[in-house]
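Report on the structure given below.
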There are 2 protein chains.
Amino acid sequence: MKWKRSERLVDMTRYLLESPHELIPLTKFSERYESAKSSISEDLTIIKATFEETGAGKLVTVTGAAGGVKFIPKMGDLEVREVISLLMDELGHSDRLLPGGYLFMADLLGNPYIMDCVGKVFASRFSDTEIDVIMTVATKGIPIAHAIARHLNVPVVIVRRDSKVTEGSTVSINYVSGSTRRIQTMMLSKRSMKSGQKVLITDDFMKAGGTMVGMKHLLEEFGCELAGTAVLVEAEHHEEVILDNYSSLVKLLSVNEKNRTIVLSEGNYFLEGGK
Amino acid sequence: MKWKRSERLVDMTRYLLESPHELIPLTKFSERYESAKSSISEDLTIIKATFEETGAGKLVTVTGAAGGVKFIPKMGDLEVREVISLLMDELGHSDRLLPGGYLFMADLLGNPYIMDCVGKVFASRFSDTEIDVIMTVATKGIPIAHAIARHLNVPVVIVRRDSKVTEGSTVSINYVSGSTRRIQTMMLSKRSMKSGQKVLITDDFMKAGGTMVGMKHLLEEFGCELAGTAVLVEAEHHEEVILDNYSSLVKLLSVNEKNRTIVLSEGNYFLEGGK
């Protein structure tokens, strides 16, 4: 195949989108397309300008012998606000109200388009943070963790509340649930993480933050470091949140089971601490 | 912004890749780029040829008033074999062997690149099958289900073994685990599926197929129909597999705990029944 510029642009765009946060040497492209590096550079200039104009992300060029190009997914504030407003529209429906004032969210967490948006938002938020691993607790945080992971190009590890033979040996901790004050256990496969790794923790819902703090203690048991916390929905509550830094997209201010109303606001994504 | 062809090609490629299995009217593109439909058609011809040449997938054009263009992720056999061979290389390492002859796979299931490949393989396999929902059982099937779902553009529903208040009311069934012959329970939120939907079931590992058959019975309780079964790894075993049609990528033929050997082969993806 003899590659024309138009075909190179299509294929390179796909290649870059499928390889976020990966440094691609220019020689890789010049070999693939049997084209001079100068032509490849011109192609990349077009892609870079278009990505920036449309809010797809940044193309970062690293010069020198070990150089190349890297695609960093990065949404603009406008696009982030659109995602948050989509989430608030969806979450505000009164038929989501469950007994006890809980919200039904399984359909949102099962929607691949919405999860991809959420993943891109948090990947944008943490695009300049060094992250080696994303950690979540089974079950509902898994789609969010994987959506972020794909855009940051890092692995996901899953904390469980029960031990399974397929996990091999595990490290487990006891922690106190923030809202119910009950003692619970969580565990993680010993071979999931290496000492010194930087960990982003994520979950679908946070009230007092007990589960998040549990994950923080667990990753410390591995000699790892907390790099950030990403929460889809945080709930207003009377006690203090026991976690300092986190970024949330939506805040659940109140629910009224009798009148079946749900009051939401934007999370702290755009505020100090969240951003 | 005045769009040049080169910029349109980059942006349209991204748009199509992010909207698989979605019919996009040409007017959408001609409005976005303020360009004549004839120019858009020429752009799409270039993208179509490049996607087909590189094994990215197909662009299907639907003519008429309700027409448009649809991107169908479709891997070639060569690319599928590369994914299968990558999986076999990874799974064959003797340090995956766990007591009882189980294989540690959490790292593969937590790798977003590998999950994306697996998702694309199964999305290719079922690209011509009518599928409304992907169903899996917590916890390990979730990354696979979401990876397939993103490429097929359909929602994921997650069957659980325990009931949680955040699921709302549930439908539950008892089933007999294929290999241990124990009676187990699985349940699914009542509002997860509508009667008449076509369901693809998926999981990371299948031995006798008991869990899969349990999911089949559960979806029948919802008045839904089994559309297909996708399995990452199937294990050889003496009794008959109690599920007729399934597609697997890798087959675990035998493990020897003493010598620490793992014998694998290709799954049935390319065989009658699997394909």
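Chain identifiers are assigned alphabetically (A, B, ...) following the order of the sequence lines, protein sequences preceding nucleic acid strands; residue numbering begins at 1 within each chain.
Considering only heavy atoms from C-beta on, B:M115 stays 4.5 Å or farther from A:R150 through its side chain.
A search for ring-ring contact (aromatic ring centres under 6.0 Å, His included) contacts involving A:F122 returns nothing, not counting sequence neighbours.
With a 4.5 Å cut-off on non-hydrogen atoms, A:R8 does not touch chain B at all. With a 4.5 angstrom heavy-atom cutoff, A:V154 touches chain B only via backbone atoms. Heavy atoms of B:F205 lying under 4.5 Å from chain A are absent altogether. For a residue to count as touching a neighbouring chain, one of its non-hydrogen atoms must lie under 4.5 Å from one of that chain's; by this rule A:K120 touches chain B with the side chain only. If you measure heavy-atom distances from A:S189 to chain B, the contacts under 4.5 Å come from the side chain alone. In this structure, chain B has heavy atoms under 4.5 Å from both the backbone and the side chain of A:V165. Neither the backbone nor the side chain of A:M12 comes within contact range of chain B, judged by heavy atoms closer than 4.5 Å. Both the backbone and the side chain of A:D11 have a heavy atom closer than 4.5 Å to some heavy atom of chain B. Only the side chain of A:L98 comes within less than 4.5 Å of a heavy atom in chain B; its backbone stays farther off. Using a 4.5 Å cut-off between heavy atoms, A:K4 does not touch chain B at all.
Here the side chain of B:H146 pairs a donor or acceptor atom with the backbone of A:L109 at under 3.5 angstrom.
Closest non-hydrogen pair, B:E167 versus A:F104, comes out as O-CE1, 3.5 Å. Smallest separation of non-hydrogen atoms from B:P112 and A:P155: CD-CA, 3.9 Å. The two residues A:R160 and B:K140 come nearest to each other via the heavy atoms NH1-CG, 4.3 Å. Closest heavy-atom contact between A:T139 and B:I158: CG2-CG2, 4.2 Å.
In this structure, CG on B:L9 lies 6.0 Å from OG on A:S6, to the nearest 0.5 angstrom.
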Problem set entry | Intermediate values then yes/no, side-chain contact (heavy atoms from CB on, under 4.5 Å), B:D107 and A:R191 | CA-CA 9 Å; B:D107 59 331; A:R191 47 176 120 182; over 6 Å; no
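Within residues 14-22 of chain A, the residues having any heavy atom closer than 4.5 Å to a heavy atom of chain B are A:R14, A:L17, A:E18, listed by residue number.
Listed options B:G168, B:P143, B:P99 were ranked by heavy-atom pairs under 4.5 angstrom with chain A; first place goes to B:P143. Contact count against chain A (heavy-atom pairs under 4.5 Å) is highest for B:T166 among B:N111, B:T166, B:L152, B:L103.
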